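From a predicted model like this one, the values you see are computed outputs, not experimental measurements. Residues take their numbers from the sequence shown, with the count starting at 1.
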Amino acid sequence: MFDQRRIRKHGLTAQALVLSVREGSALGGNGSWQKYDFILEVRPGDRAAFRAEVRERFYIVERKPAEADLVSVKYDPNTLKVIFDLTGDPRFDIEAMQRRTAQLKWDTYDRTQSRTVSPEGAAVFVTPPGPTPDRATEDRTQALARLVSLRDAGAISEEEFATLKARLH
């Protein structure tokens with residue numbers, strides 16, 4: 001535990017490829033936590049890649065790194081001990097995921113309406129004139145591709161995906 005705190009505070013940051021994940025034992029009286037053993041290929045920018053084993057516990061309903069995921073880690077350059085650094089990654093950090101989802105909702109809303117201010121200082125929303133047909137198709141295709149990638153990454157739910165997709169058409 002002390003090593004993890006020290007690495008979290010003073011460790012070097014790198015990217016790591018998850019090579020394998022193995023489920024361990026359940027923790028807690030109601031089985032709400034699960035231990036996982038990960039084998040990572042850590043790719044520091046200033047030295048050769050190396051393999052590391054990480055044992056981490058995750059809440060049973062929490063999204064956790066899977067094989068072939070590229071994740072942020074911190075490591076001790078002397079011992080090569082590694083810990084996950086998933087804070088701020090919307091794939092694994094629920095608060096970051098919620099912030100990203102809210103931002104996407106606002107971005108979608110902003111694309112459909114323009115905000116202007118009346119002479120009295122009140123906000124007035126005006127629907128902008130529609131784009132040309134070719135541009136509209138291209139914009140919808142790009143927006144749909146973004147929505148699919150967000151859904152696949154777990155950043156938005158199926159329900160949010162369906163709602164946002166319906167707004168595109």
Side-chain angles (χ1 to χ4, degrees), residues 1-111 139-165 167-168:
M1 182 61 127
F2 179 72
D3 276 349
Q4 287 186 347
R5 279 191 231 147
R6 183 180 50 76
I7 294 170
R8 188 163 313 285
K9 189 172 183 177
H10 301 290
L12 301 178
T13 302
Q15 293 293 303
L17 177 66
V18 178
L19 300 176
S20 71
V21 180
R22 192 176 51 143
E23 195 172 297
S25 60
L27 304 170
N30 60 4
S32 58
W33 292 92
Q34 185 78 40
K35 276 187 181 176
Y36 295 88
D37 294 317
F38 297 87
I39 297 178
L40 308 174
E41 179 182 274
V42 181
R43 301 171 175 174
D46 61 344
R47 67 187 308 164
F50 63 92
R51 287 193 181 199
E53 293 182 17
V54 175
R55 174 171 278 176
E56 187 68 61
R57 68 184 185 130
F58 287 90
Y59 189 58
I60 210 86
V61 295
E62 194 174 29
R63 191 167 189 295
K64 59 214 85 19
E67 287 184 15
D69 278 347
L70 192 61
V71 296
S72 291
V73 296
K74 286 195 172 188
Y75 71 97
D76 181 329
N78 299 319
T79 64
L80 299 184
K81 189 165 185 158
V82 175
I83 62 169
F84 285 116
D85 185 23
L86 304 176
T87 304
D89 186 333
R91 296 174 299 169
F92 310 108
D93 181 342
I94 190 70
E95 290 174 359
M97 185 183 301
Q98 290 169 339
R99 284 191 304 272
R100 179 70 180 133
T101 301
Q103 182 61 50
L104 290 169
K105 288 178 181 178
W106 278 115
D107 290 349
T108 301
Y109 180 77
D110 287 344
R111 279 197 309 272
D139 288 346
R140 274 184 268 160
T141 303
Q142 289 174 347
L144 183 58
R146 274 196 313 264
L147 288 175
V148 168
S149 66
L150 288 169
R151 180 198 60 196
D152 293 347
I156 60 174
S157 68
E158 283 291 332
E159 183 179 89
E160 291 170 320
F161 173 78
T163 301
L164 292 170
K165 181 181 170 187
R167 288 184 191 166
L168 293 175

Worked check of salt bridge (charged side-chain N to carboxylate O under 4.0 Å, His left out) between R55 and E53: CA-CA 7 Å; R55 174 171 278 176; E53 293 182 17; over 6 Å; no
Pair D37, V21 - check side chain to side chain contact (heavy atoms under 4.5 Å, CB included), show working. CA-CA 6 Å; D37 294 317; V21 180; over 6 Å; no
What do the steps show when you test K35 against E56 for salt bridge (charged side-chain N to carboxylate O under 4.0 Å, His left out), and what is the final call? CA-CA 6 Å; K35 276 187 181 176; E56 187 68 61; over 6 Å; no
Criterion side chain to side chain contact (heavy atoms under 4.5 Å, CB included) on R47 and L80, from CA distance to verdict: CA-CA 12 Å; R47 67 187 308 164; L80 299 184; 3.8 Å; yes
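Across all non-hydrogen atoms, the minimal contact from K74 to G11 is CD-O, 4.2 Å. Among all heavy-atom pairs drawn from L147 and K165, the shortest one is CD1-N, 3.9 Å. When all heavy atoms of R167 and T108 are compared, the closest pair comes out as NH1-CG2, 4.4 Å. Between P44 and A14 the shortest heavy-atom distance is CA-CB, 3.9 Å. Minimum interatomic distance between L17 and R43 (heavy atoms only, all atoms of both residues): CD2-NH2, 3.3 Å. Of all the heavy atoms in S72 and Q15, the pair that sits closest is OG-NE2, 3.1 Å.
For the side chain to side chain contact (heavy atoms under 4.5 Å, CB included) test, residues two or more places apart in sequence or in another chain that qualify with R51 are L19. Looking at residues two or more places apart in sequence or on another chain, you find no side chain to side chain donor-acceptor pair (under 3.5 Å) involving R63. Residues that satisfy the ring pair (Phe, Tyr, Trp, His ring centres under 6.0 Å) test with Y59, not counting sequence neighbours, are W33.
The shortest distance between side-chain heavy atoms of F50 and V82 falls below 4.5 Å. The shortest distance between side-chain heavy atoms of T13 and V73 does not fall below 4.5 Å. Using a 4.5 Å heavy-atom cutoff, the side chains of Y36 and P65 are not in contact. Counting heavy atoms from C-beta outward, T79 and D76 have side chains that approach closer than 4.5 Å. Side-chain contact between Q98 and P90 is absent, with no heavy-atom pair separated by less than 4.5 Å. Between Q34 and R57, every side-chain heavy-atom pair lies at or beyond the 4.5 Å cut-off. Under the 4.5 Å side-chain criterion, counting only non-hydrogen atoms from C-beta, L40 is in contact with V54. No side-chain heavy atom of I83 sits under 4.5 Å from any side-chain heavy atom of R6.
We find the OG1-CG distance between T101 and L150 to be 7.5 Å, quoted to the nearest 0.5 Å. The CZ atom of F58 sits 12.5 Å away from atom CD of E23, with the distance rounded to the nearest 0.5 Å. We find the CG-NZ distance between D69 and K64 to be 11.5 Å, quoted to the nearest 0.5 Å.
A side-chain donor-acceptor contact under 3.5 Å links D89 to the backbone of R91. A donor-acceptor distance shorter than 3.5 angstrom exists from the side chain of E160 to the backbone of S157, with no hydrogens or angles considered. Between the side chain of R151 and the backbone N or O of A162 there is no donor-acceptor pair closer than 3.5 Å.
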